[in-house]
Amino acid sequence: MPAPIDQAAPLDVLMVSTSYPSTLTDWRGLFIRHLSDALARRDDLALQLWAPPGESHPAVRPAATSAESAWLDGLMQKGGIAHLLRNSAPQGVAHALRLLQFLRSTYVRSRKVDVYHINWLQNALPLPSNGRPALITVLGTDMQLLKLPMMTTLLRRAMRGRAGAICPNAEWMVPELTEKFGDLATIRFLPFGIDPGWFAIERSLAPTGPAKWLAVTRLTRGKLGPLFEWCEPHFRDGTRELHLFGPMQEEIELPAWVHYHGPASPAELMRDWFPGAHGLITLSRHAEGRPQVMLEAMAAGLPIIASRLPAHENIVFHHETGWLCDTPQDVAAALETLEQSEANQQAGETARQWAAREIGTWDDCATRYITLYRSLLQDSRA
């Protein structure tokens, strides 16, 4: 009979991430900061974090060596491995191999932890055969990784001989992950959390003047999709305003009618933009997990106009919390409907209630992870 887990003893968890913000105003990997802070606030867990350097909760213990930290910082400055692979395959491959070496060393020297918490599937590839439980968080871009030759085979090898959980942050990924890994690991959808500040926003739409719509996204062709083409007929005359926020990651010519503000911190969006906006627009064609900005918009009571992607269909409920669009005509109908005060308020309030009920805060998210950590640890001792 397996020894019972001491529920009073703090769990020792190593979290791994190749993305992490330098401060709370940095948009890169901000969800990792929120998640690690929420876990660090718990008194039933001791958290080590292997990630690029940045501010963190005082209870978080850095796990990276000085050399690893400096290298990870440089990788962030270069845009990450995916960006390097797109722009220079040899350089991207070299960085990927170096990352795997660093991760292998980290896992080996941390072999006494209770659980490995690994963000992004590729970071699980160098797991040693030591039987330690592993929880792997899966994002939308990971599903593209699984299309690479041998990737599924290599990941299956890394998961063998240990209690494991593979946790996508959106339901649409569950069937494929179950097919590929369900015989080796628990496949469980685990949503991230939302900062309480978004729920506290009080909306106040101006009774006169142009309706303000927001688009918050990295500026790539895939993330923007047909945003400019489908919106131009409705915005170029100035009767509405499209305010675009996010880093320019590809060279894209912006139409004169678009109000581009560059990257914005969550505090700026929360204070200056979300309260007076009619809603959020995203017409992305990019492989998405569950876009955090959409959850934050819903928590703030903003209706959402979105392209019909699996990642959007699970959170935007057509004619209830927003509008799903397949054509330019859908965008026109969405704008006309959601600029009516009563329809806007009803959709926004329905969205806020759904976000509170189904997602909750980062502390709620931390509780979900703690429960699964303990389950994995119990399984590993069975």
Side-chain angles (χ1 to χ4, degrees), residues 1-17 32 34-50 57 59-61 63 103-104 106-121 123-139 142 152 155-171 173-193 358-382:
M1 188 172 185
I5 301 298
D6 182 357
Q7 298 294 330
L11 291 179
D12 191 5
V13 174
L14 170 70
M15 177 180 284
V16 164
S17 175
I32 298 292
H34 286 308
L35 175 56
S36 61
D37 279 6
L39 289 169
R41 287 193 290 268
R42 305 273 307 209
D43 58 10
D44 54 354
L45 180 140
L47 183 66
Q48 301 178 53
L49 178 63
W50 191 89
H57 189 281
V60 173
R61 292 176 291 156
L103 283 169
R104 178 74 175 190
T106 301
Y107 294 142
V108 169
R109 69 174 180 262
S110 305
R111 60 188 177 275
K112 294 185 178 180
V113 299
D114 291 315
V115 179
Y116 296 127
H117 182 153
I118 301 165
N119 292 287
W120 291 284
L121 277 170
N123 291 334
L125 288 171
L127 276 170
S129 300
N130 60 7
R132 289 292 169 187
L135 184 154
I136 306 171
T137 297
V138 182
L139 305 178
D142 283 326
T152 297
L155 285 165
R156 285 179 59 84
R157 185 174 69 178
M159 292 301 294
R160 282 198 181 95
R162 71 179 78 246
I166 296 177
C167 302
N169 72 327
E171 299 100 317
M173 294 183 267
V174 168
E176 182 176 347
L177 291 170
T178 300
E179 180 183 350
K180 294 180 182 297
F181 305 106
D183 59 327
L184 289 176
T186 298
I187 312 299
R188 184 173 301 173
F189 159 60
L190 277 187
F192 291 145
E358 300 294 332
I359 307 298
T361 67
W362 284 106
D363 287 334
D364 296 322
C365 177
T367 297
R368 292 190 281 267
Y369 277 112
I370 287 280
T371 301
L372 190 48
Y373 294 157
R374 292 199 175 276
S375 176
L376 289 174
L377 194 55
Q378 187 70 59
D379 290 346
S380 72
R381 297 180 181 179

For the residue pair Ala134 and Arg162, what are the closest heavy atoms and their distance? CB-CD, 3.8 Å

May I ask you to check whether over 12 heavy atoms, not counting those of Arg188, lie within 6.0 Å of atom CZ? no

Consider only side-chain N and O atoms of Asn130 and Tyr116, and report whether a donor and an acceptor are under 3.5 Å apart. yes

Just how far is it from atom OG1 of Thr367 to atom CG of Leu372, taken to the nearest 0.5 Å? 12.5 Å

Would you give the length of the straight line joining atom CD1 of Ile359 to atom CG of Asp364, rounded to the nearest 0.5 angstrom? 10.0 Å

Can you say whether the rings of His34 and Trp362 are parallel (under 30°), tilted (30 to 60°) or perpendicular (over 60°)? parallel

How about Arg109: does its CZ atom have over 12 heavy atoms from other parts shown lying under 6.0 Å from it? yes

Using only heavy-atom distances, determine whether the side chains of Thr137 and His117 contain a donor-acceptor pair under 3.5 Å. yes

Please tell me if the side chains of Tyr107 and Ile118 come closer than 4.5 Å, counting only heavy atoms from C-beta onward. yes

Without swapping roles, check the side chain of Asn119 against the backbone of Val16 for a donor-acceptor pair under 3.5 Å. yes

Atom CD of residue position Glu358 - does it have more than 12 heavy atoms of other residues, nucleotides or ligands inside 6.0 Å? yes

Which pair of heavy atoms, one from Pro128 and one from Arg104, lies closest together, and at what distance? CA-NH1, 3.3 Å

How far does OG of Ser36 sit from CG of Leu49, to the nearest 0.5 angstrom? 5.5 Å

Indicate the atoms forming the closest heavy-atom contact of Met173 with Asn169, along with that distance. CE-OD1, 3.4 Å

Quick one: pull up CG in Leu127 and CG in Leu155 and give me the separation to the nearest 0.5 Å. 9.5 Å

Partners passing salt bridge (Lys or Arg N to Asp or Glu O under 4.0 Å) against Arg160 (at least two apart in sequence or in another chain): none

Quick one: salt bridge (Lys or Arg N to Asp or Glu O under 4.0 Å) partners of Asp363, sequence neighbours excluded? Arg41

Which heavy atom of Ala46 sits nearest to which heavy atom of Arg61, and what is that distance? CB-NH2, 3.7 Å

Could you measure the distance from the CG atom of Leu11 to the CZ atom of Arg374? Nearest 0.5 Å is fine. 4.0 Å

By side chain to side chain contact (heavy atoms under 4.5 Å, CB included) - contacts of Thr178 (at least two apart): Val174, Ile187

